[in-house]
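I have placed the structure first, in the form of structure tokens, so that the comments after it can refer back to it.
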Amino acid sequence: MERRNFMRTLAAGVATGLATGAAGAAAQAAPAAGTGAADHRRQMVALAHKMAQPVLHHMARGTLQQQFALEVSPTWDGRDRRVAYLECFGRLLAGIAPWLALPDDGGEEGRLRRALRDNALQGLANAVDPASPDYLLWQGPRQALVDSAYFTNALLRAPQALWAPLDSTTKGRIVAEIKRLRRIEPDYSNWMLFSAMNEAFLLSVGEEYDPMRIGVAIRKINEWYAGDGWIKDGETFHFDYYNGFVMYPMLLEVLEVLERCNASTWGAKPAELRAQALKRMQRYGEHLERFISPQGTYPPIGRSLTYRTAAFQPLALLAWRKQLPASLPEGQVRAALHAVHQAVWSPPGNFTEDGYLTIGFAGHQPELGDWYSNNGSMYIASAGLLALGLPENDSYWTTPALDWTQKKAFAGQRFPKDYAVKY
């Protein structure tokens, strides 16, 4: 029953795409019933399309702010609600950018992807065009710094698909908006990585960048390393999923830019720092995999619980980069993440009737929102889909599914014990 509900949910996403102008190929992209490796990908593609199509369709036409009905947490702090549109667009793109970057082909998925990418490119232009109704709130509340980093992260993850095709005017406007955000001093927390991500983007496109904003962030994150793969968020340890939402993905990707551009900071060697961050993230990924129950559920702990499957961004990122540790075979990770997506996205209420995400963990649960939560914030959930950046013939998608740790453990199967690491 759970799987049938999940399939109906995904099929509804395709129908939403058709209703709002998606390519006719969407109908043929609806997932077929089944549990094989190919079915896993079809279901994830349909979920990505369901999340992305309404947002990108309207963003490309300058009608997102007109059509996107806002929902805010019951404890909303009163800031300008228009922050939601940058949150929605930037976070969504950061998650699906690797998928949009796959080469064009004549298949059904390829046609779906190409239509979304075309809309994304026009949306990027509208996002920074002061004459567009969908010009985003770059110079508003401090929240703009947060979501500008997801915006630039998307461009870093798919430079040939999302940056190179832009016209020079749009590129110049993006650079100007990002540089103006230096007016915002980041909190002494994971926010330091948002500033670092923006500077890494500027470095990557040959613009003047501030090495201090990158260097201080990297040094503080490393000082906050608590051990055994966990990083504190500032001076205090928080038992939540911010290591997945922000810490590890942004730290690793900033370091990758420094290494690729041969840019050192405070005399450190980016390659060594990146290797260290990768090793620690792999360890954290082992913990994430062990959190997943035999039914695909996981502990509902900590802040920003409504970000849903973004909690598993490190595993999805490692899978996409072909950097999973030897302890986590691809078939095991894919099957575990598929179970998580079923558990989270099968319940009704995750999407509005118009196809937009709601505030909730597994359904519509607005009371779970934090004081900064709006339904635009929820689009960080797309980060759980990063493995779609691997083509459908990649071993991640073709290898047979394997039982994950808890599924083995509660079935009386052999599974490896777990010990703390010292790196």
Could you walk me through whether Y298 and F312 pass ring pair (Phe, Tyr, Trp, His ring centres under 6.0 Å), step by step?
CA-CA 10 Å; Y298 59 98; F312 295 90; 4.8 Å; yes

E199 vs I178, test: side-chain contact (heavy atoms from CB on, under 4.5 Å). Steps then yes/no.
CA-CA 8 Å; E199 299 302 324; I178 297 304; 5.8 Å; no

Stepwise, does the salt bridge (charged side-chain N to carboxylate O under 4.0 Å, His left out) test hold for D210 with K179?
CA-CA 10 Å; D210 183 352; K179 288 183 177 179; over 6 Å; no

Might you work through the salt bridge (charged side-chain N to carboxylate O under 4.0 Å, His left out) test for K322 and D394, ending with a clear yes or no?
CA-CA 10 Å; K322 309 297 283 187; D394 185 87; 2.7 Å; yes

Go through the steps to decide whether N243 and M281 satisfy the test side-chain contact (heavy atoms from CB on, under 4.5 Å), and finish with yes or no.
CA-CA 9 Å; N243 278 206; M281 186 166 82; over 6 Å; no

Could you give me the CA-CA distance, side-chain angles and deciding distance for D105 and R111, then say whether salt bridge (charged side-chain N to carboxylate O under 4.0 Å, His left out) is met?
CA-CA 7 Å; D105 60 58; R111 289 196 284 271; over 6 Å; no

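Between R213 and I184, the closest heavy-atom pair is NH1-O, 4.2 Å. Closest approach of P54 to G355, counting heavy atoms only: CG-O, 3.7 Å. When all heavy atoms are compared, the tightest approach of L390 to W320 is CD2-O, 3.3 Å. The two residues I380 and Y150 make their nearest non-hydrogen contact at CD1-OH, 3.4 Å. Contact record, W138 with S148: CZ3-CB, 3.9 Å, taken as the closest heavy-atom pair. The nearest pair of heavy atoms linking G285 to L315 is O-CD2, 3.6 Å.
The number of heavy-atom neighbours closer than 6.0 Å to CG of D167, taken from other residues, nucleotides and ligands shown, is above 12.
Aromatic pair Y356/F351: ring centres not closer than 6.0 Å. Checked against a 6.0 Å centroid threshold, the rings of Y307 and Y241 do not count as neighbours. Two rings, from F151 and F194, have their centers 6.0 Å or more apart. W230 has its ring centre no less than 6.0 Å from the ring centre of Y242. Residues W224 and Y188 bring their aromatic ring centres within 6.0 Å. Proximity of the aromatic rings of W404 and F291 is defined here by a centroid distance below 6.0 angstrom, and this criterion is not met.
A donor atom on one side chain and an acceptor atom on the other are not found under 3.5 Å apart for R334 and H338. There is a side-chain donor-acceptor pair under 3.5 Å between E87 and S377. Side chain to side chain, S395 and T399 fail the donor-acceptor criterion of an N or O pair below 3.5 Å.
With salt bridges taken as basic N to acidic carboxylate O contacts below 4.0 Å, none links R113 and D118. For the pair D104 and R117, the salt-bridge criterion is met [side-chain N within less than 4.0 Å of a carboxylate O]. Using a 4.0 Å cut-off between charged nitrogen and carboxylate oxygen, R321 and E253 count as a salt-bridge pair. A salt bridge links E208 with R182: the closest approach of a Lys/Arg side-chain nitrogen to an acidic carboxylate oxygen falls below 4.0 angstrom. A salt bridge is defined here as a Lys NZ or Arg NE, NH1 or NH2 lying under 4.0 Å from an Asp or Glu carboxylate O, and R290 with E286 fails to meet this definition. Between R42 and E109, none of the side-chain N atoms (NZ, or NE/NH1/NH2) sits under 4.0 Å from a carboxylate O, so this pair counts as no salt bridge. With respect to the salt-bridge test (charged N to carboxylate O, under 4.0 angstrom), the residues R303 and D233 qualify. Taking the charged nitrogens against the carboxylate oxygens, R142 and E185 have no contact shorter than 4.0 Å, which rules out a salt bridge.
Inter-residue side-chain proximity for V128 and L136 is flagged as unmet; no heavy-atom pair is nearer than 4.5 Å. Using a 4.5 Å cut-off on side-chain heavy atoms (C-beta onward), R79 and Y372 make contact. You'll find the side chain of R308 reaches within 4.5 Å of the side chain of N350, heavy atoms only. No side-chain heavy atom of M51 sits under 4.5 Å from any side-chain heavy atom of I96. In this structure, the side chains of L47 and Q43 stay at 4.5 Å or more apart for every pair of heavy atoms. Taking 4.5 Å as the limit, some side-chain heavy atom of R260 sits within range of a side-chain heavy atom of S204. Between I174 and F201, some side-chain heavy-atom pair lies under the 4.5 Å cut-off. Side-chain contact check for T306 versus Q365: every heavy-atom pair is 4.5 Å or farther apart.
Rounding to the nearest 0.5 Å places CG of N374 at 10.5 Å from OH of Y379. Here W163 contributes atom CH2 and L121 contributes atom CG; the two are 12.0 Å apart, rounded to the nearest 0.5 Å.
At least one donor-acceptor pair under 3.5 Å links the side chain of S73 to the backbone N or O of D370. Looking only at distances, a side-chain donor or acceptor of N375 sits under 3.5 Å from a matching main-chain atom of E71. No side-chain donor-acceptor contact under 3.5 Å links D403 to the backbone of K408.
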Going by atom type alone, with no hydrogens or angles, which donor-acceptor pairs under 3.5 Å involve a side-chain atom of residues 266-274 and a protein atom two or more places apart or on another chain?
unit_1	atom_1	unit_2	atom_2	d
R274	NE	E259	OE1	2.5

